Amino acid sequence: MYGGAGAQCRLILLVVLISLGVVTLLQSLQTTHSIHDIPLSIRGHKFGGAVGRKHGSAQAIRIKKVTALFGEPNYLYEGAIATHERHNALHGYQMQVLRQRIHASFLAKPAYLMSVLVEELNKPWDERMQWLAWVDPDTLVLNQQVPLELFVPPLEEEINLIATHDDNGYFNGGVFFLRVDTWSLEFLIQVLAVPLTDRKHHVSLNKDHAALEQIMESQRFRNRVTYQPRIWYNAFDSNKTYEGEAGGLMVHLLDLGGDKWARMDKYLGNVTSKVNPHELPLEQTPYEEQVQAFWKRMRDSRRILKEAREKEKGHDAIKESARRLRFALEFETDNEVVMRGAYDRLLNALYENK
Ligand SMILES: *[C@@H]1O[C@H](CO)[C@@H](O)[C@H](O)[C@H]1NC(C)=O
Ligand SMILES: *[C@@H]1O[C@H](CO)[C@@H](O)[C@H](O)[C@H]1NC(C)=O
């Protein structure tokens, strides 16, 4: 599958590297209102970091948000980005915004992400971002008090990409996390090399999502990809309802109900008013508990699968249950019910076959 893509891949890499130069140049010529304009002293570098992070090191995790906004001026999108900038200032995140149309098609998202990634990889280790968080310009921060580092994996987890699904089980690219390292670079190279004609078309009509998804799910890359519940930070507002919980971090305004702009206006009015009805201290949200339970399920599942590997020979029930849990661990980690069910089934199979 990857053999024939070599030459094309190199060509695309070249194009991307050239665009990287152009984008960097354009950005240096522009005066954008970004986190870089805010003095370091109030960016809260100390504040960000260990908040809500019970596991792993106490060191701050360096996160950069990446998004794209170009074309006709749109004050609602600008307002949405401003909610991110407040969030960034509070928690010490950087943010980079693509402001130019770099490609006529849908490649802009992975191409820009790749240029930011290459830029980061070119920095010394201690200055380099550890994670990039892609946020679509139609996402806005509802509850400023929830930090992004809450969602990144504990140290022992070898996960590079954290994504979410839509209701039909397709990848939704509104918000996702990508670790800064060479795996991620190889991943994006493969995404950009997906032949245009091969790109799956599905209901979301997002061809860039389809290309990302195709590589995410491929044999080579899927063991470092995981899925978290969408409502944590990519909660949709569909049919005029926010699907997240009280104190939810972000909302993603999809075009589903045809009422996107009015809804966005309402949210912006709310989150910029004196009393933001969505603001809630982290401790009063279910986040910490839910996220810890998520990583615990992953750990427990891996452990029991290891156990099953030693015992599954000649035991069809164990083999079948292990296969099911392995599948869930690859594609359905965002579904707590499925994960628990598959885990319990394997536990039973192991126990009954003793
Ligand atoms: C949207 O809301 C309408 C009316 O409240 C309801 O009839 C319809 O089933 C909802 N659609 C979805 C997809 O939830
Ligand atoms: C805005 O706030 C009002 C009052 O708290 C609430 O009823 C409404 O659902 C909120 N709407 C949005 C879109 O956030």
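Note that ligands are numbered from 1 as they come in the structure, with each ligand's atoms numbered from 1 the same way. All figures in this text were calculated on a predicted structure; none of them were measured in a lab.
- Given atom 12 (C) of ligand 2, the protein heavy atom at minimum distance is Asn270 ND2, 3.1 Å.
- On a distance-only criterion, Tyr267 and ligand 2 share no N/O pair closer than 3.5 Å.
- Taking the ring centroids of Phe177 and Trp134, they lie at or beyond the 6.0 Å cut-off.
- Taking a distance limit of 4.0 Å, we find that atom 7 (O) of ligand 2 is approached by no protein heavy atom.
- Using the six-membered ring where Trp is involved, His91 and His87 have ring planes that are perpendicular, over 60° apart on the 30 and 60° scheme.
- Ring centroids of Tyr227 and Phe331 are separated by 6.0 Å or more, keeping the two rings apart.
- At least one donor-acceptor pair under 3.5 Å links the side chain of Glu213 to the backbone N or O of Phe171.
- Protein heavy atoms are found inside the 4.0 Å sphere centred on atom 3 (C) of ligand 2.
- Listed by number with element, the atoms of ligand 2 under 4.0 Å from a non-hydrogen atom of Pro277 are 2 (O), 5 (O).
- Side chain of Ser184 to main chain of Arg179: a donor-acceptor pair is present (N/O by atom type, distance under 3.5 Å, no hydrogens or angles).
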